[in-house]
2 protein chains.
Amino acid sequence: MSHTLGIRQAQKQKTRQALMDAALRLLEDQSLSSLGLREVTRAAGVAPTAFYRHFRDTADLGVALVEETLGSLHATIGEALGDSRDERRIDRTVALIAALVRDSPAHVRFVARERHGGVQPVREAIGAQLRLFAAEVAAAFAREPESAGWKENDLLMLAGVYVDHMVMTASALLEAGPEEAERIGSLARRQLRLVSLGRKHWLDG
Amino acid sequence: MSHTLGIRQAQKQKTRQALMDAALRLLEDQSLSSLGLREVTRAAGVAPTAFYRHFRDTADLGVALVEETLGSLHATIGEALGDSRDERRIDRTVALIAALVRDSPAHVRFVARERHGGVQPVREAIGAQLRLFAAEVAAAFAREPESAGWKENDLLMLAGVYVDHMVMTASALLEAGPEEAERIGSLARRQLRLVSLGRKHWLDG
DNA sequence: CACTTGTGAGTACGACTGTTCACTGACTTG
DNA sequence: CAAGTCAGTGAACAGTCGTACTCACAAGTG
């Protein structure tokens, strides 16, 4: 049973999680580049020096937060894209984004904010994850008969539009309150339908 | 001749501009929420207290930077969108973005970064400007015969896709070096063409 | 001319920052 | 059960931060 972590390891993980949770809460109204190490430890109820047992600096913590937010999302998104009927897929995708924003708004806010933020390693971590998503979306499209005749490059282009659009929608849902969620969801679905129409006629000319 | 500012006013403007330029340079590798007042004045070669003569705080300076970056862009963008031929308009739009990024990368980086950044007043200022752009783009589309039968709401939806896409392209051009500019420009043009195809067939069903 | 106004300089303050170090005490291992 | 490991502590370091003062001086006004 190598699964059961020792008491020691378990408590370490707990402190690490406390630091990440505290950081995420503080990041709701500031950027990572202004997040102080002491600030985080204070909010987590830990001595400042304990921070170094888990992260090199706040940028390192940021990268860990990216992993936590986006790392477990690949399976979910692949599932939603598996639907072959266009209308259904759009509905499921938008619903997935809406659920994500509803259930963990702080995580989503963090990623949207730091995607172009002032901390390079975090920007790169997010960029890498999003490129991964785009590749998966492209692969899902490639499996459909509609994609016959498409160049791989163009499939990636299309996937890029989808992924960018998801991030934009998530961000819009965040900035608006829950009362506007339905309006934004409807807007997002129409935009995806527009893109989907473009896809259908891509090879026409 | 009320145009000629007094020597006094002129020097004040000069100091103000020096502060904004210094801030913009510092913001290339950090976010506004971590930008210090002293940091800015030090870089501008001015005493810390002089800052208060021009701005209430760094957030206020940020709003001024938004105005400087986006305020003068409305005319330019309207001109590019005036072209009625689809292909030409796409080329001109992408070229405009590329030129903007080439000529004032720091300004563009600032806007892309703070659009979802940690300083609320700046986020709102950027949001307001982008909504203004979207309205102008929608108005430009509305003038074309292709838009007959379109609901105003759908025109705004289409315009939103355009504006979001411009920001994304600008940001992508920033993160990649100049050697990748052509590849990203080509990608952006294909994505706009996809959207344009969707537009043509929007009323088909 | 004297007078008001506003700009920028200078100083000082208390609070906060990241990082280092020696240390404790609970858990793990032989 | 003893020895070793190591997450977390608390004190001290040299900085930076925003802000509140006072002050000199130049520009515009009557």
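A, B, ... follow the sequence lines: proteins, then strands. Residue 1 opens every chain.
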query: Can you list the residues that meet the side-chain hydrogen bond (donor to acceptor under 3.5 Å, both in side chains) rule with A:D164, with sequence neighbours excluded?
result: A:R115

task: Specify the separation, in whole Å, of atom CD of B:Q30 and atom C1' of D:dC17.
output: 13 Å

- request: To the nearest Å, give me how far apart NZ (B:K14) and C1' (D:dA26) are.
  value: 15 Å

- prompt: Which pairs, with at least one residue in residues 87-115 of chain A and sequence neighbours excluded, count as a ring pair (Phe, Tyr, Trp, His ring centres under 6.0 Å)?
  reply: none

- prompt: Taking everything shown except B:E179 itself, do over 12 heavy atoms lie less than 6.0 Å from its CD?
  reply: yes

query: Do any pairs count as a ring pair (Phe, Tyr, Trp, His ring centres under 6.0 Å) and have a residue in residues 177-197 of chain A, sequence neighbours left out, and if so which ones?
result: none

task: Identify, with sequence neighbours excluded, every residue that meets side-chain hydrogen bond (donor to acceptor under 3.5 Å, both in side chains) alongside B:W150.
output: none

query: Once you round it to whole Å, what is the distance between C1' of D:dC6 and NZ of A:K12?
result: 8 Å

field: Rounded distance in Å - CD (A:Q11) to P (C:dA26)
entry: 11 Å

query: Can you tell me how far P of D:dC6 sits from CD of A:Q9, to the nearest Å?
result: 9 Å

- prompt: Once you round it to whole Å, what is the distance between P of C:dG8 and CD of B:Q13?
  reply: 11 Å

Please tabulate the protein-to-nucleotide N/O contacts below 3.5 Å involving nucleotides 13-16 of chain D, giving atom names and distances.
none

Gap between atoms CG and C1', on A:L26 and C:dC16 respectively (whole Å): 15 Å

- request: Scan residues 45-58 of chain A against DNA chain C and write down, sorted by residue number, each residue with any heavy atom closer than 4.0 Å; if none is found, say none.
  value: A:T49, A:Y52

query: side chain to side chain contact (heavy atoms under 4.5 Å, CB included) with B:R85: which residues, sequence neighbours excluded?
result: B:D83, B:R88

Pairing residues for B:E175 by the side chain to side chain contact (heavy atoms under 4.5 Å, CB included) criterion, not counting sequence neighbours: A:H116, A:R123, B:S171

task: For residues 36-45 of chain B, pull every pair meeting side-chain hydrogen bond (donor to acceptor under 3.5 Å, both in side chains), keeping only residues two or more places apart or in separate chains.
output: B:Q30-B:E39

